[in-house]
Trainee: 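Dropping a structure here in structure tokens format, bear with me for questions.
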Amino acid sequence: MTELSISRRLRGTPYTARLEAAGVKGYTVYNHMLLPTVIDSVQADCAHLKQHVQVWDVSCERQIEVRGPDAEKLVQLMTPRDLSKAQIDQCFYIPVIDERGGMLNDPVAIKLAEDRFWISIADSDVMLWAKGLAYGFRFEVEIDEPDVNILAIQGPKSDELMARVFGEQVHAIRFFRGLWLYFEGQSIYVARSGYSKQGGFEIYLEDRALAEPLWDALFAAGADLNVRQGGPNLIERIESGLLSYGNDMTRENTPFECGLGKFCDVEASIGCVGRDALLREAADGPMRLIRGIAIEGEAVPGCRDPWRLTADGGENAGQVTSAVWSPDMQTNVAIGMVERDFWQIGQGLWVETPDGQRRATVHDLPFTA
Ligand code: THG
């Protein structure tokens with residue numbers, strides 16, 4: 001395959017040298033930064049993730065820091081999720097939408113102090129939107145992208161590995177909560193979160209000088225746990241129903257279409273950009289919905305341009321945007337947007353893959369409920 005040209009714009013991370021020494025096989029580009037996606041093979045990485053523990057370089061989950069007297073006002077303007085009861089060190093999965101209700105990003109927001117937030121972004125330039133809003137509204141805030149480089153620890157042995165490096169307090173961290181823990185004398189924010197459903201933590205490392213020491217400490221402590229490097233895994237994330245911004249949803253989709261209605265408090269979110277559009281949509285319900293799709297036959301090729309979904313009568317039924325063979329489910333699993341008339345679980349459809357038409361069935365997300 002053709003190679004990507006490396007330059008300053010395609011940012012490396014403080015862990016890149018370690019990854020390459022260990023033999024990473026594939027990257028994608030996310031927030032203008034390298035994100036490892038294949039270590040051994042997507043299938044082998046998935047099987048290992050479900051059994052053991054992995055260390056993921058997810059530095060590309062960049063933090064947009066918003067601080068100042070109007071910080072909370074600005075973050076609340078950006079999302080229909082009600083943040084008024086947010087506690088300090090709590091994480092929130094928030095849809096960020098534009099004035100039409102279109103998805104701009106689906107980050108994790110962390111309230112670090114009454115006047116300080118991190119927005120842990122998916123792949124779009126949220127900082128520019130935030131700066132534009134702050135300028136337009138004359139908010140008293142500062143916005144930048146601090147050099148935070150997250151390591152995610154994922155898999156069933158995550159608690160064990162984290163306790164060995166950070167102490168027994170890690171067990172007390174609840175899902176989407178965080179604690180400040182010490183490593184080499186420095187306080188680091190650690191949350192129980194991450195882009196898999198195998199359990200785990202995210203370590204928000206601020207001091208780049210500690211990147212390799214932290215990496216090395218995790219691998220030394222986890223040798224008998226069969227710790228390996230990993231990364232967001234296509235099979236695991238589709239089975240688990242974790243959405244990928246830019247792939248499964250874009251600015252063309254509303255949070256309701258993305259199944260993120262449970263993270264929208266439209267009534268409470270007065271002043272949120274796009275609120276009127278969401279109120280209109282809440283009345284009639286969405287026109288399409290994100291769904292799991294099981295695709296029959298042998299392993300499908302990778303999905304780049306969306307694959308058309310059609311019904312038996314040839315009607316447009318939507319599109320598939322992520323697809324892969326699942327060894328555990330012994331079928332192809334996929335995520336797609338399905339039009340209203342066809343989104344019932346169990347609905348039979350046709351999908352146009354690059355290899356030809358296949359039979360497909362609408363499935364609930366996650367696949368593994
Ligand atoms: N962690 C952090 N930042 C991130 C991601 C992450 N930024 C980019 C990307 N991932 C953002 N997208 C998601 C998507 C799903 C979840 C988190 C970030 C997620 N969802 C759970 C779910 O859907 O079941 C839980 C949501 C909830 O209950 O609040 O975890 O992974 N730091």
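A quick note: this is a predicted structure, and the numbers were derived from the prediction, not measured. Order of listing sets the numbers, starting from 1, for every ligand and every atom in it.
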Trainee: For Y30, take its heavy atoms, then give the atoms of ligand 1 lying under 4.0 Å from any of them.
Mentor: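 Reading through ligand 1 atom by atom, the close ones are 8 (C), 9 (C).
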Trainee: Any cation-pi pair here, R359 with W350, using under 6.0 Å and within 45°?
Mentor: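 Checked: cation-pi criterion met.
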Trainee: Could you establish whether Y204 and ligand 1 come within less than 4.0 Å of each other, counting only heavy atoms on the residue side?
Mentor: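 Yes.
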Trainee: Identify whether the distance between the nearest side-chain nitrogen and carboxylate oxygen of K73 and D115 falls below 4.0 Å.
Mentor: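 Looking at K73 and D115, the cut-off is not met.
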Trainee: Closer than 4.0 Å to some heavy atom of I121 - which atoms of ligand 1 meet that?
Mentor: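 Ligand 1 atoms under the 4.0 Å threshold to I121: 7 (N), 8 (C).
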Trainee: Are any of the side-chain nitrogens in D248 or R237 under 4.0 Å away from the carboxylate oxygens of its partner?
Mentor: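 Salt bridge: yes.
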Trainee: Show which atoms of ligand 1 fall inside a sub-4.0 Å distance from at least one heavy-atom site of D106.
Mentor: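 Listed by number with element, the hits are 11 (C), 12 (N), 13 (C), 14 (C).
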Trainee: I want to know if ligand 1 touches S120 in the polar sense, i.e. an N/O pair below 3.5 angstrom.
Mentor: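 Between S120 and ligand 1 (N or O atoms, distance only) the closest approach is under 3.5 Å.
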Trainee: Report yes or no: does a heavy atom of G194 sit under 4.0 Å from some atom of ligand 1?
Mentor: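 Judged by the 4.0 Å heavy-atom criterion, G194 does count as contacting ligand 1.
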Trainee: Which residue and non-hydrogen atom of the protein lie closest to atom 17 (C) of ligand 1, and at what distance in Å?
Mentor: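 Of every protein heavy atom, V108 CG2, 3.8 Å lies nearest to atom 17 (C) of ligand 1.
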Trainee: Kindly identify the option in F176, F175, Y93 whose heavy atom sits closest to atom 28 (O) of ligand 1.
Mentor: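 Heavy atom nearest to atom 28 (O) of ligand 1 belongs to F175.
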Trainee: Would you call R62-D125 a salt bridge at under 4.0 Å N-O?
Mentor: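 No, no charged N to carboxylate O under 4.0 Å.
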Trainee: Does the distance from a Lys or Arg side-chain N to an Asp or Glu carboxylate O, for E236 and K197, drop under 4.0 Å?
Mentor: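 No salt bridge links E236 with K197.
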Trainee: Which option wins on minimum heavy-atom distance to atom 22 (C) of ligand 1: K197, Q63, E202, K262?
Mentor: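 When every heavy atom of K197, Q63, E202, K262 is considered, K197 comes closest to atom 22 (C) of ligand 1.
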